[in-house]
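What you see below is based on every heavy atom in this structure, not just the backbone, and it leaves out hydrogens, waters and symmetry mates. Protein chains get the first letters and strands the later ones, always in sequence-line order, with residue 1 at the start of each.
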Protein chains: 2
Amino acid sequence: MLCRMAEASGPDSSRRVTIHDVARSAGVSRQTVSRALNGKDEIERSTKQRVLDAARELGYRPSRFARGLVRQDTTTIGLVIPDLRNPFFTEVAASALESARARGWHVVVYDTADRPEEELGTLQVIGSQVDGVVGYFSCDEDELDRWTRGMPMVLIGREHRMARFSSIRIDGEAGVHAAVTHLVAKGHTMIGMLDHVNRAEPSLRRDWFTAAALAHGIDPGRVAGAAQSADGGGEGLRALLGAHPEVTAVFTFNDIVAVGALREARRLGRRVPAELAVIGFDGLQLGALVEPPLSSVALDTRLLGSLAVEQVGRLLTGADPLPPEALEVRAELRLAGSA
Amino acid sequence: MLCRMAEASGPDSSRRVTIHDVARSAGVSRQTVSRALNGKDEIERSTKQRVLDAARELGYRPSRFARGLVRQDTTTIGLVIPDLRNPFFTEVAASALESARARGWHVVVYDTADRPEEELGTLQVIGSQVDGVVGYFSCDEDELDRWTRGMPMVLIGREHRMARFSSIRIDGEAGVHAAVTHLVAKGHTMIGMLDHVNRAEPSLRRDWFTAAALAHGIDPGRVAGAAQSADGGGEGLRALLGAHPEVTAVFTFNDIVAVGALREARRLGRRVPAELAVIGFDGLQLGALVEPPLSSVALDTRLLGSLAVEQVGRLLTGADPLPPEALEVRAELRLAGSA
DNA sequence: CCCCGTCCCGTGAACGTTCACGGGAACGTT
DNA sequence: AACGTTCCCGTGAACGTTCACGGGACGGGG
């Protein structure tokens with residue numbers, strides 16, 4: 001009489017084990033089972049143990065949906081990332097997870113595998129599973145709007161037009177200016193750039209570079225494209241030096257590309273920073289692992305992730321959203337061995 | 001008469017907007033609203049549009065809990081990772097996300113921040129939010145059992161005792177043996193190792209190294225501990241060379257440590273691989289970024305992640321679980337410039 | 001004129017849990 | 001003996017959605 005028959009021996013064994021089954025098996029009511037499982041106190045010790053045993057015996061697991069329906073306390077946000085293996089996004093994701101955990105939120109992560117066409121599908125699926133979304137999107141704003149149906153969204157590193165969106169701006173103007181200033185101070189006058197390739201419009205970082213170069217009376221035209229990978233950085237550097245052999249310093253779209261350029265420079269026999277100075281963008285931890293360590297216009301990825309989470313939180317609780325000027329991450333030059 | 005009053009102007013504005021509100025506002029029934037929103041067909045074009053407008057006007061968003069309760073189709077798994085910023089775990093996580101996405105599952109990611117005491121809290125919270133768990137756990141198996149209450153679990157890189165757990169075994173014996181063999185063939189006889197520090201028991205990788213060294217008649221005692229970071233690898237190498245100056249080759253616990261050792265070797269003025277050969281473990285993409293590229297006993301992280309997801313899937317659908325011999329990832333030597 | 005089919009829409013029921021309330025038993029107090 | 005307290009426990013209701021079913025309106029064919 002200690003326990004009734006266990007396992008799948010009921011009339012239809014495919015049905016889910018509910019709180020009712022446990023109650024019946026333990027000879028008590030639903031509410032008592034609920035009390036036992038949730039550690040409420042209006043219950044006798046022996047009864048509690050009996051219920052717990054019955055639950056274990058039947059393999060009972062409460063339905064998160066039913067529970068979530070009645071107590072509206074769990075919030076879940078979606079994090080959309082183009083490529084988790086890219087160290088930059090890894091850091092942003094880690095920071096976002098950190099901030100979310102501090103608030104007791106759950107984070108569902110989606111990796112769109114760098115395919116913009118995946119974004120819509122993801123959005124559609126996400127829309128019915130989370131309370132808000134944070135992340136990177138490359139598709140059109142109207143498309144975003146169509147698929148998210150009024151869900152709070154925070155876009156990272158991208159401008160927004162519609163009021164219901166929010167976005168974290170990345171301001172690298174001062175940082176890039178400082179980088180060019182530093183290179184000039186070191187005596188460089190022929191400064192090139194490895195820009196993002198495969199994009200319709202020239203990158204913002206390219207604009208910042210151009211402005212900084214012009215401010216120092218430097219020709220900003222020495223630019224080559226590079227695919228977003230270390231190999232891409234290597235090839236980009238070869239192309240740049242092929243077209244502009246006079247270049248003695250390079251600013252790159254990001255650190256991955258910079259690391260590739262660094263590796264290629266070594267292979268070409270050019271000493272860094274003596275014969276070729278390199279400054280990246282992002283300030284990844286990765287930059288400290290290579291030799292010489294990478295100088296970079298560093299972004300505070302921790303701040304980036306936490307700002308995004310903070311803002312989506314305000315949007316979905318209805319609190320005052322952060323003003324645009326607070327939603328800005330300023331990049332600043334961090335010098336190491338490579339420049 | 002196009003649309004009723006919008007915004008929060010009801011009697012109590014704090015209540016959630018339900019499908020009922022939309023129905024009332026559009027002058028139809030719940031079911032019709034449901035039809036419009038879910039793209040069912042038994043509905044007239046104009047009605048559908050009217051409902052959609054009303055929904056948008058009111059800012060209606062369906063409750064994922066209510067929906068999940070009635071249609072039992074969405075499955076969500078939890079992914080528990082000690083430190084997402086660690087490139088190895090990043091790769092495993094990315095692979096797991098990939099596999100889950102292919103199955104249409106959602107993945108909630110938890111980063112325990114390398115603190116074992118966080119695991120229990122995570123587990124407790126996770127238990128009521130996901131259908132199954134995949135990941136790394138360092139705490140006791142009984143503790144795991146206590147907090148998960150019969151939820152399917154797949155442990156990675158760790159043995160299990162209880163039947164309800166499943167685990168992915170990592171077999172590096174042959175790979176480490178091959179690594180040592182290769183070093184011996186290159187003429188090395190004084191081979192050291194940088195092991196994981198801060199662990200109660202010596203690591204499995206250490207055991208594999210010891211066995212391989214003995215098989216070649218090599219003293220396996222030249223070992224130093226290293227913290228799990230690049231800096232740790234550097235310090236470890238200094239300690240190892242301090243205690244055993246005769247060492248000409250090093251096998252490390254993992255690639256991060258190896259990269260640190262590589263960097264330190266350069267700083268010490270020892271040429272790699274001529275004066276110091278280095279072989280890591282894990283086979284991270286990171287290894288290709290440093291100079292010289294890192295040789296490593298490589299793990300197929302993609303397989304690792306997909307196996308774990310596959311197995312947790314079988315456990316929670318009740319399909320035949322994969323047998324232990326299929327739940328094994330074999331590491332194999334991948335040579336590059338560093339050895 | 002009746003019957004049947006198609007198109008569109010609405011009504012009860014169910015999903016599985018927790019909350020608010022009520023109530024009986026045992027015990028002590030006036 | 002009547003009454004208040006404390007300790008356990010059970011019963012309706014509610015959460016918000018979808019499914020299964022039923023039914024009215026309309027049109028066409030016999």
Check whether any side-chain N or O of [X] sits under 4.0 Å from OP1 or OP2 of [N], and answer yes or no.
X        : N       : answer
Thr47(B) : dC8(C)  : no
Ser29(B) : dG10(C) : yes
Thr32(B) : dG10(C) : yes

Between [N] atom [atom2] and [X] atom [atom1], what is the distance in whole Å?
X         : N       : atom1 : atom2 : result
Phe65(B)  : dT18(D) : CZ    : P     : 15 Å
Asp131(A) : dG16(D) : CG    : P     : 14 Å
Arg24(A)  : dG10(D) : CZ    : P     : 14 Å
Tyr60(B)  : dG16(D) : OH    : P     : 10 Å
Gln31(B)  : dG23(D) : CD    : P     : 16 Å
Lys48(A)  : dC7(D)  : NZ    : P     : 16 Å
His20(B)  : dG10(C) : NE2   : C1'   : 11 Å

Just jot down the side chain to side chain donor-acceptor pair (under 3.5 Å) partners of Ser63(A), sequence neighbours excluded, or say none.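 Here no residue qualifies.
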With Thr18(B) via side chain to side chain donor-acceptor pair (under 3.5 Å) - residues at least two apart: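 Counting only residues at least two positions away or on another chain, Thr18(B) forms no side chain to side chain donor-acceptor pair (under 3.5 Å).
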Of all pairs that satisfy salt bridge (charged side-chain N to carboxylate O under 4.0 Å, His left out), the ones with a partner from residues 81-93 of chain B, not counting sequence neighbours: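 Counting only pairs at least two positions apart or across chains, the salt bridge (charged side-chain N to carboxylate O under 4.0 Å, His left out) contacts touching residues 81-93 of chain B are Glu98(A)-Arg85(B).
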Can you pull the salt bridge (charged side-chain N to carboxylate O under 4.0 Å, His left out) pairs that have at least one residue in residues 124-139 of chain A, sequence neighbours excluded?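 Only Asp131(A)-Arg64(B) qualify under salt bridge (charged side-chain N to carboxylate O under 4.0 Å, His left out).
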Non-neighbouring partners of Asp73(B) that pass side-chain contact (heavy atoms from CB on, under 4.5 Å), sequence neighbours left out: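 Applying side-chain contact (heavy atoms from CB on, under 4.5 Å) to Asp73(B) gives Arg71(B).
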For Ala319(B), give me all partners under side-chain contact (heavy atoms from CB on, under 4.5 Å), at least two apart in sequence or on another chain.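 For Ala319(B) the side-chain contact (heavy atoms from CB on, under 4.5 Å) partners, ignoring immediate neighbours, are Arg314(B), Thr317(B).
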If you measure from the Lys or Arg side-chain nitrogens to the Asp or Glu carboxylate oxygens, is any gap between Arg24(A) and Asp21(A) under 4.0 Å?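 Yes, charged N to carboxylate O under 4.0 Å.
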Interface with DNA chain D, restricted to residues 66-77 of chain B and to heavy atoms under 4.0 Å: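 DNA chain D contact set from residues 66-77 of chain B: Ala66(B), Arg67(B), Leu69(B), Val70(B), Arg71(B).
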Considering the terminal five base pairs at each end of the helix from dC1(C)-dG30(D) to dT30(C)-dA1(D), what angle separates the two local helix axes, rounded to 10°?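 Inter-axis angle at the ends, rounded: 60°.
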Count the heavy atoms of every other residue, nucleotide or ligand shown that sit under 6.0 Å from CZ of Arg103(A), and state whether that count exceeds 12.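 Check passes, neighbour count above 12.
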Ignoring hydrogens and angles, write down the donor-acceptor pairs under 3.5 Å from the side chains of residues 107-129 of chain A, residues two or more places apart or on other chains.
| from | atom 1 | to | atom 2 | distance (Å) |
| --- | --- | --- | --- | --- |
| Tyr110(A) | OH | His106(B) | ND1 | 2.6 |
| Asp111(A) | OD1 | Ala113(A) | N | 2.8 |
| Asp111(A) | OD2 | Leu84(A) | N | 2.9 |
| Thr112(A) | OG1 | Ile81(A) | O | 3.3 |
| Arg115(A) | NH2 | Glu118(A) | OE2 | 3.1 |
| Glu118(A) | OE1 | Arg101(B) | NH1 | 2.6 |
| Glu119(A) | OE1 | Ser138(A) | N | 3.1 |
| Glu119(A) | OE1 | Cys139(A) | N | 3.1 |
| Glu119(A) | OE2 | Ser138(A) | N | 2.9 |
| Glu119(A) | OE2 | Ser138(A) | OG | 2.9 |
| Thr122(A) | OG1 | Glu118(A) | O | 2.9 |
| Thr122(A) | OG1 | Arg101(B) | NH2 | 2.6 |
| Ser128(A) | OG | Val125(A) | O | 3.4 |

Strictly below 4.0 Å, heavy-atom distances to any atom of DNA chain C: list the hits from residues 34-46 of chain A, or just say none.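 The stretch gives Ser34(A), Asn38(A), Lys40(A) as the residues lying under 4.0 Å from the strand, ordered by number.
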Show which side-chain atoms of residues 36-48 of chain A pair as donor or acceptor with protein atoms under 3.5 Å away, not counting sequence neighbours.
none

Under-3.5 Å donor-acceptor pair between Arg30(A) side chain and dG12(D) base: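 Answer yes: a donor N or O sits under 3.5 Å from an acceptor.
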Tyr136(B): partners by ring-ring contact (aromatic ring centres under 6.0 Å, His included), with sequence neighbours left out: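 ring-ring contact (aromatic ring centres under 6.0 Å, His included) list for Tyr136(B), sorted by chain: Phe89(B).
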